[in-house]
Each structure stands twice: as structure tokens, then as C-alpha cells.
Amino acid sequence: ALELTLTPAQVLLRSTLDQLQEKDTAKIFSQPVDLSEVPDYLEFISEPMDFSTMRGKLEGHAYCSIGDLERDFELMISNCLKYNSKDTLFHKTALQLREVGGAILRHAQRQYQSIG
Ligand SMILES: CC(=O)c1c[nH]c2ccccc12
């Protein structure tokens with residue numbers, strides 16, 4: 001049967017993802033990097049990651065903790081820092097999102113522990 005109930009943990013995971021994505025105001029992380037636009041991307045990046053992929057994993061119950069979500073968030077950021085050189089807006093945006101996202105994830109972790 002279709003599962004309509006969300007556990008408090010799933011609600012918190014989804015809310016954390018929403019908060020992280022909200023900070024990506026330029027929406028550079030919304031979708032996977034378009035490999036037809038960037039044909040050499042996979043020469044540098046072995047595991048692409050983006051918010052739409054993370055949302056699919058979350059809805060598919062692939063994340064069982066804030067740490068699981070944090071690992072894919074960090075992967076997405078580090079891919080961007082690796083592919084885009086320091087003097088690009090993408091690189092600078094990724095550094096900022098890593099800072100802001102870190103605070104969101106620390107707060108979510110505390111909440112996650114409190115819901116048991
Ligand atoms: C997040 C990221 O690295 C990118 C997001 N959109 C892009 C377009 C060309 C190259 C890289 C990107």
C-alpha cells in the first residue's frame with residue numbers, strides 16, 4: 001500500500017534538505033550538471049551530486065540520518081570546488097553554501113538527537 005505517514009525523522013530530513021536548497025539562491029545546485037554542456041565533467045568528477053538527486057534519495061528512504069544527508073551535501077560542494085577554479089562565481093558560491101549549510105546541518109543534528 002502507498003505509505004502516507006512520515007516519521008518525525010523523515011520530516012526533519014526533508015525540512016533540512018529544504019533549508020539547504022533555499023540557500024542556493026542562484027539555483028546552481030538544483031539539477032545535475034548537464035553533461036552535454038560540460039562534456040569533460042566526468043573526467044574530473046567521479047560521483048556527481050545535486051539537490052534533485054538528493055531529494056530522490058530522501059523520498060526513496062536512502063538517508064537514515066543527518067550524517068547521510070551531510071555526506072551527499074559535502075560531495076556536491078566538493079565536486080563544485082574541484083571542477084570550478086577559485087576565481088569563478090561557482091567556486092565562491094560553493095564556499096558560501098558550505099558555511100551556511102554547515103550551520104543548518106549542526107542545528108538539524110541536535111534536533112535529530114532530541115527526537116530519539
Ligand atoms: C555546480 C556546478 O559545478 C555547475 C552548475 N552548472 C554548471 C555548468 C557548467 C559547469 C559547472 C556547473
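Each ligand, and each atom within it, is numbered from 1 in the order the structure gives.
Within 4.0 Å of ligand 1, protein heavy atoms belong to Ile28, Phe29, Val33, Val38, Cys80, Tyr83, Asn84, Phe90, listed by chain and number.
One side chain, Gln19 or Ser15, offers a donor N or O that lies under 3.5 Å from an acceptor on the other. Counting only N and O atoms by type, the side chains of Tyr63 and Asp72 include a donor and acceptor under 3.5 Å apart. For the 3.5 Å distance criterion, the side chains of Thr53 and Asp50 qualify, holding a donor opposite an acceptor.
The side-chain hydrogen bond (donor to acceptor under 3.5 Å, both in side chains) search around Asn84 returns none, not counting sequence neighbours. Residues passing the ring pair (Phe, Tyr, Trp, His ring centres under 6.0 Å) test with Phe44, sequence neighbours excluded: Tyr83.
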Pairs under 3.5 angstrom only: tabulate donor-acceptor contacts from the side chains of residues 105-116 to other protein residues two or more places apart or in another chain.
{"from": "Arg106", "atom 1": "NH1", "to": "Gly102", "atom 2": "O", "distance (Å)": "3.4"}
{"from": "Tyr112", "atom 1": "OH", "to": "Cys64", "atom 2": "O", "distance (Å)": "2.7"}
{"from": "Ser114", "atom 1": "OG", "to": "Gln111", "atom 2": "O", "distance (Å)": "2.6"}

